[in-house]
Novice: 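Sharing a structure here in structure tokens format.
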Amino acid sequence: MRRRIPGLVAVLSVIVAAAGCGSSDSGDGGSSSSGGDGTARVKVGIIPIVDVAPLYLGQKKGFFDSRGIELEMVSAQGGAAIIPGVVSGQFQFGFSNTTSLMVAQVKGVPVKSVVNGAASNGKVGGDVTGVGVRKDSSIKSAEDLAGHTVAVNTLRNIGDTTVRESVRVAGGDPSEVEFVEIPFDQMPAAVDDGRVDAAWMGEPAMTVAKAQGVRVVASPFAETDPELTVATYFTSAELAKKDPGLVKKFTEAMTESLRYATDHPDEARQILTTYTKISGDVLTKLTLPSWPPDIDTASLEKLASLGERDGLFGDKKPDLDALFS
């Protein structure tokens, strides 16, 4: 954005409250710093899920080091919690689902997507996220989710938006789905003990849940768009203007990381053991997303349209060209 809006702190507070996300580690905060060797020390706000494997893999392979970037990853519960951290300078870059970025933009928050993050693999019944129910549940399809509770990691986000679309496409009434907020890693237990009727789970939660007998009844990403751009890495408009060289280097390193992860899925799978507790059969069986280097614009237009339909943006529309170009 070319200008800062008044009341930015208040806007950020609204976003955090609306998302209901957990807090991220505060660390030392502040802008990136450079050591005597010219290395830029950069903090990246991430969600510790399968989707960010290329970032860690790129760090291991030296794609960032070779460009003078020393990475530190800081975990948060969801993209909507990372956005305020990036805008305030706590993180230089962040990983967020694309719906959260659209919501932030229409609220006047100065963010800019810089490179792709993750996409649907397009496989209905075998995508990186799915809606799972207990084996003995009466819910047999997405249509049956109407009138039931469904867990998502953060509310008013890409999870509930795409779940609603799955219900809508299947012939159900999405307005009758009740969404509740539960962290991904707690979802298998929440479904198993009946706290919720269903849960929209990412990996590795989905593989853990399947091992407990959970059935997948919907694949919201693939059913919304098989090429759906799910998440991107982003920065603040201030950093993009102040240090375009750093943004360019990060984008180049991340693009190389995405391509490498796509070409070496076994290495991408193995890197998960370094930042999660995934191991054994779960590591072997979990589903990987797609990691294309390019953003799929058509899928973002579909997602924005669904967000408008669900009332996520108020009386405004996200400017996709400005946000994702």
Novice: Do NZ/NE/NH1/NH2 and the carboxylate oxygens of Asp310 and Arg168 come within less than 4.0 Å?
Specialist: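 A salt bridge links Asp310 with Arg168.
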Novice: Taking all heavy atoms of Trp291 and all of Leu288, pick out the closest pair and write down the distance.
Specialist: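 Distance-wise, the nearest heavy atoms are CH2-CD2, 4.1 Å.
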Novice: So, does Arg156 use its side chain to make a donor-acceptor pair with the main chain of Gly311 at under 3.5 Å?
Specialist: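 Yes; judged by distance alone, with no hydrogens or angles, the pair exists.
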Novice: Asp127 side chain to Ala222 main-chain N or O, any donor-acceptor pair under 3.5 Å?
Specialist: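 Answer holds: yes.
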Novice: Hey, does Val191 have a side-chain heavy atom less than 4.5 Å from the side chain of Val196?
Specialist: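 Val196 vs Val191: side chains touch.
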Novice: For atom NZ of Lys135, is the number of surrounding heavy atoms from other residues, nucleotides or ligands below 6.0 Å larger than 12?
Specialist: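 No, the 6.0 Å shell around NZ holds no more than 12 heavy atoms from other groups.
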Novice: Could you tell me whether Glu165 and Lys302 have a side-chain N and a carboxylate O separated by less than 4.0 Å?
Specialist: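 A salt bridge is present here (some side-chain N lies under 4.0 Å from a carboxylate O).
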Novice: Heavy atoms, side chains only, cut-off 4.5 Å: are Leu55 and Met254 in contact?
Specialist: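 Leu55 vs Met254: side chains touch.
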Novice: Can you name the closest pair of heavy atoms from Ala205 and Phe184 and give their distance?
Specialist: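 Taking Ala205 first and Phe184 second, the nearest heavy atoms are CB-O, 3.4 Å.
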Novice: State, yes or no, whether a side-chain contact exists between Phe234 and Val87 at a heavy-atom distance under 4.5 Å.
Specialist: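 They are not in contact (no side-chain heavy atoms under 4.5 Å apart), so the answer is no.
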Novice: With no hydrogens and no angle check, is any side-chain donor or acceptor of Glu203 less than 3.5 Å from a backbone partner on Thr287?
Specialist: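 Between the backbone of Thr287 and the side chain of Glu203 there is a qualifying donor-acceptor contact (under 3.5 Å).
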Novice: Apply the side chain to side chain contact (heavy atoms under 4.5 Å, CB included) test between Phe93 and each candidate in Leu246, Ile46, Leu71; give the one that qualifies.
Specialist: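 In the set Leu246, Ile46, Leu71, the residue that makes a side chain to side chain contact (heavy atoms under 4.5 Å, CB included) with Phe93 is Leu246.
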Novice: Ignoring hydrogens and angles, tell me if any N or O in the side chain of Tyr275 forms a donor-acceptor pair with the backbone of Ala53 under 3.5 Å.
Specialist: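 Yes, Tyr275 side chain to Ala53 backbone: donor-acceptor pair under 3.5 Å.
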Novice: In this structure, is the centre-to-centre distance between the rings of Trp200 and Phe221 below 6.0 Å?
Specialist: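 Phe221 vs Trp200: aromatic centres under 6.0 Å.
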Novice: Does the side chain of Ser325 come within less than 4.5 Å of Lys112's, by heavy atoms?
Specialist: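 Of all side-chain heavy-atom pairs linking Ser325 with Lys112, at least one is under 4.5 Å.
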Novice: Quick check for you: to the nearest 0.5 Å, what is the distance between Ile278 atom CD1 and Arg269 atom CZ?
Specialist: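 So the CD1 of Ile278 and the CZ of Arg269 are separated by 9.5 Å.
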Novice: Side chain of Asn157, backbone of Gly159: donor and acceptor closer than 3.5 Å?
Specialist: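 Checked: no pair found.
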Novice: What heavy-atom pair brings Gln212 and Asp192 nearest, and what distance separates the two atoms?
Specialist: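 Heavy atoms of Gln212 and Asp192 come nearest at OE1-CB, 4.2 Å.
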Novice: How many angstroms lie between CD in Gln270 and OG in Ser279, if you round to the nearest 0.5 Å?
Specialist: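 Between atom CD of Gln270 and atom OG of Ser279 there are 10.0 Å.
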Novice: Is there a donor-acceptor contact under 3.5 Å from the side chain of Asp197 to the main chain of Thr149?
Specialist: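 Flag set: sc Asp197 to bb Thr149 pair under 3.5 Å.
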Novice: With distance as the sole test, does Ser257 use its side chain to make a donor-acceptor pair with the main-chain N or O of Ala253 at under 3.5 Å?
Specialist: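 Side chain of Ser257 to backbone of Ala253, a donor-acceptor pair under 3.5 Å: yes, one is there.
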Novice: Please report the C-alpha distance between Asp296 and Thr229 in whole Å, then the side-chain angles of each, then the deciding distance to 0.1 Å, and finally whether the side chain to side chain donor-acceptor pair (under 3.5 Å) criterion is met.
Specialist: CA-CA 6 Å; Asp296 186 89; Thr229 295; 5.4 Å; no
Novice: Between the main-chain N or O of Gln92 and the side-chain N or O of Thr235, is there a donor-acceptor pair closer than 3.5 Å?
Specialist: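 Checked: pair present.
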Novice: Could you tell me the separation between the CE atom of Met206 and the NZ atom of Lys285, rounded to the nearest 0.5 Å?
Specialist: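 Separation between the atoms: 15.0 Å.
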Novice: Is it true that a side-chain atom of Thr207 and a backbone atom of Pro204 form a donor plus acceptor pair closer than 3.5 Å?
Specialist: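 No; judged by distance alone, with no hydrogens or angles, the pair does not exist.
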Novice: Could you check whether any side-chain heavy atom of Thr162 comes within less than 4.5 Å of a side-chain heavy atom of Leu228, counting everything from C-beta outward?
Specialist: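 Contact flag for Thr162/Leu228 side chains = yes.
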Novice: Does any N or O in the side chain of Arg41 come within less than 3.5 Å of the main-chain N or O of Glu72, such that one atom is a donor and the other an acceptor?
Specialist: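 Side chain of Arg41 to backbone of Glu72: no pair is present.
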Novice: How about Ile295 and Ser113: do any of their side-chain heavy atoms sit closer than 4.5 Å?
Specialist: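 Result yes, sub-4.5 Å side-chain heavy-atom pair found.
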Novice: Apply side chain to side chain donor-acceptor pair (under 3.5 Å) to the pair Asn121 and Ser290, showing each step before the final yes or no.
Specialist: CA-CA 5 Å; Asn121 65 25; Ser290 175; over 6 Å; no
Novice: Side-chain contact, heavy-atom cut-off 4.5 Å: Pro110 with Glu238?
Specialist: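 Sidechains of Glu238 and Pro110: no contact.
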Novice: Run the side chain to side chain donor-acceptor pair (under 3.5 Å) check on Ser166 and Glu223 step by step: do they pass?
Specialist: CA-CA 6 Å; Ser166 287; Glu223 289 163 355; 2.5 Å; yes
Novice: Would you compute the distance between atom CD1 of Ile158 and atom OG1 of Thr99 and round it to the nearest 0.5 angstrom?
Specialist: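 Nearest 0.5 Å value for the CD1-OG1 distance: 4.5 Å.
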Novice: Is there a side-chain contact between Glu256 and Arg67 (heavy atoms, below 4.5 Å)?
Specialist: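 With C-beta onward as the side chain, the pair touches.
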